[in-house]
J.: 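Dumping the structure here so I can ask a few things about it.
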2 protein chains.
Amino acid sequence: MGCDQTLKGLGYRLTPQRIMVVEALHGADEHVSAEEIYTQVKARYPYANISTVYRTLELLKELGLVTETDLGDGRVRYHPAEKGHHHHLVCHKCGKIIDLPESALFHLEETLSRDYRFQPDLKHLAIFGVCADCQK
Amino acid sequence: MGCDQTLKGLGYRLTPQRIMVVEALHGADEHVSAEEIYTQVKARYPYANISTVYRTLELLKELGLVTETDLGDGRVRYHPAEKGHHHHLVCHKCGKIIDLPESALFHLEETLSRDYRFQPDLKHLAIFGVCADCQK
DNA sequence: AAAATTATTGCAACTGCTTGCACCAACAAC
DNA sequence: GTTGTTGGTGCAAGCAGTTGCAATAATTTT
């Protein structure tokens, strides 16, 4: 069951543009940027517009079908929720990115839920800092 | 001991523009945006340029003298480190912002440091989610 | 099946922020 | 004090992303 059917089931229109965005998103490696999706979509349908790409990604994000992450390189990257969640440790000295399992933040989620009754949305976080190699 | 002396001590020039940015930053309420700082600076020195404001904030950030936080409203907000660190829980249903003491993330910091030898830079984080009132 | 309603798109303008570059001010060497 | 060097500023252009609006496409009502 993909994004397409979910979209349709919720009453949203399954336009060619949206299908192409979803396909580009799933076909690519993890962490695609909007620009990369736009390039792919445009190759198939030259009249496509980048604001449609952004609006589709926004919609998919609201529905929880994709997560977005800012790895600090000046553009946001998208990842299909179907492929599972994880987080990233980003070293701002060397730029290295260490993957972090979802479970690493379970304890924090629990604390916030218990002490603040706050349901945090920690699906694809980037945490900045200094990696082992760069701590001299 | 303020930002000014720290800047000077590290060999950076203490230009009128930088002084005005630092003063605007300290004089204002917490969480000022670059635009707000620019407006204040411009009132005193009309030739001031917004890129100088951004460059000064960038420098202060690198030196650890200010922290920046994206509360999700399309602009980054700055906060003098001197005034102490804290975090925010941001409800993306109603927009409410709950302050979180720095200590709430100590456990996470320890875990990342112990398990990944990663020194996270968690000084002024915004965590998005749903607050108690908005969970129906 | 035409008319009315609604959702979606494309476009252009705009926002927040960054960057390349020429100029200018400060400090250092002579 | 002139000369060279470095650091900082202002300007204009650029980038990622957003938004208002008119045009269009899909769906619903009649």
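Sequence lines set the chain letters: A, B, ... in the order given, protein chains first and strands last, and positions in each chain run from 1.
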J.: Anything under 30° is parallel, anything over 60° is perpendicular, the rest tilted; go ahead and classify A/His79 against A/His124.
T.: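 Because their plane-to-plane angle is over 60°, the rings of A/His79 and A/His124 count as perpendicular.
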J.: Rounded to the nearest 0.5 Å, what separation is found between the CG atom of A/Leu125 and the NE2 atom of A/His87?
T.: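 Reported value, rounded in 0.5 Å steps: 6.5 Å.
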J.: Rounded to the nearest Å, what distance is computed from the CG atom of residue A/Leu7 to the P atom of nucleotide D/dA26?
T.: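 Taking CG of A/Leu7 and P of D/dA26, I get 16 Å after rounding.
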J.: Show me the donor-acceptor pairs, under 3.5 Å and distance only, between side chains in residues 94-104 of chain B and residues at least two apart or in other chains.
T.:
| residue | atom | partner | partner atom | Å |
| --- | --- | --- | --- | --- |
| B/Lys96 | NZ | B/Asp133 | OD2 | 2.9 |
| B/Asp99 | OD1 | B/His88 | ND1 | 3.0 |

J.: Which of these, B/Leu57, B/Leu63, B/Thr56, sits in a side chain to side chain contact (heavy atoms under 4.5 Å, CB included) with B/Leu59?
T.: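 The single option meeting the side chain to side chain contact (heavy atoms under 4.5 Å, CB included) with B/Leu59 is B/Leu63.
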J.: May I ask whether A/Leu112 and B/Val130 are part of the same hydrophobic cluster, defined by side-chain heavy atoms of I, L, V, M, F, W, Y residues being less than 4.5 angstrom apart, directly or through others?
T.: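 Different clusters: A/Leu112 never reaches B/Val130 through Ile, Leu, Val, Met, Phe, Trp or Tyr contacts under 4.5 Å.
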J.: Could you list where the contact with chain A starts and ends along DNA chain C, reading 5' to 3', using a 4.0 Å heavy-atom cut-off?
T.: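 From 5' to 3', the first and last contacting nucleotides are C/dT6 to C/dC11.
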J.: May I ask you to list the residues of residues 34-62 of chain B, by number, that have any heavy atom positioned under 4.0 Å from an atom of DNA chain D?
T.: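 Contacts with DNA chain D under 4.0 Å: B/Tyr45, B/Tyr47, B/Ala48, B/Asn49, B/Ser51, B/Thr52, B/Arg55.
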J.: Return the set of residues passing side-chain hydrogen bond (donor to acceptor under 3.5 Å, both in side chains) with B/Glu110 (not counting sequence neighbours), or none when no residue passes.
T.: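 B/Glu110: no side-chain hydrogen bond (donor to acceptor under 3.5 Å, both in side chains) contacts found.
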J.: Rounded to the nearest Å, what distance is computed from the CD atom of residue A/Gln17 to the P atom of nucleotide D/dT24?
T.: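 Rounded to whole Å, this separation is 14 Å.
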J.: Give, ordered by number, those residues of residues 68-79 of chain A having at least one heavy-atom distance below 4.0 Å to an atom of DNA chain D; if nothing qualifies, reply none.
T.: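 Those residues are A/Gly74, A/Arg75, A/Val76.
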J.: Determine the interplanar angle of the A/Phe128 and A/His92 rings, folded into 0 to 90°, and report it as parallel if under 30°, tilted if 30 to 60°, perpendicular if over 60°.
T.: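 Ring orientation, 0 to 90° scale: parallel.
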J.: Under the rule for ring pair (Phe, Tyr, Trp, His ring centres under 6.0 Å), what residues qualify as partners of A/His107, not counting sequence neighbours?
T.: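 Here the qualifying residues are B/His107.
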J.: Quick check: closest heavy atoms across A/Glu68 and A/Tyr78, and the distance to 0.1 Å?
T.: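 Residues A/Glu68 and A/Tyr78, closest heavy atoms: OE1-CE2, 3.4 Å.
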J.: If you group Ile, Leu, Val, Met, Phe, Trp and Tyr by side-chain heavy-atom gaps below 4.5 Å, do B/Ile37 and B/Leu14 land in one group?
T.: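 Linked within one cluster.
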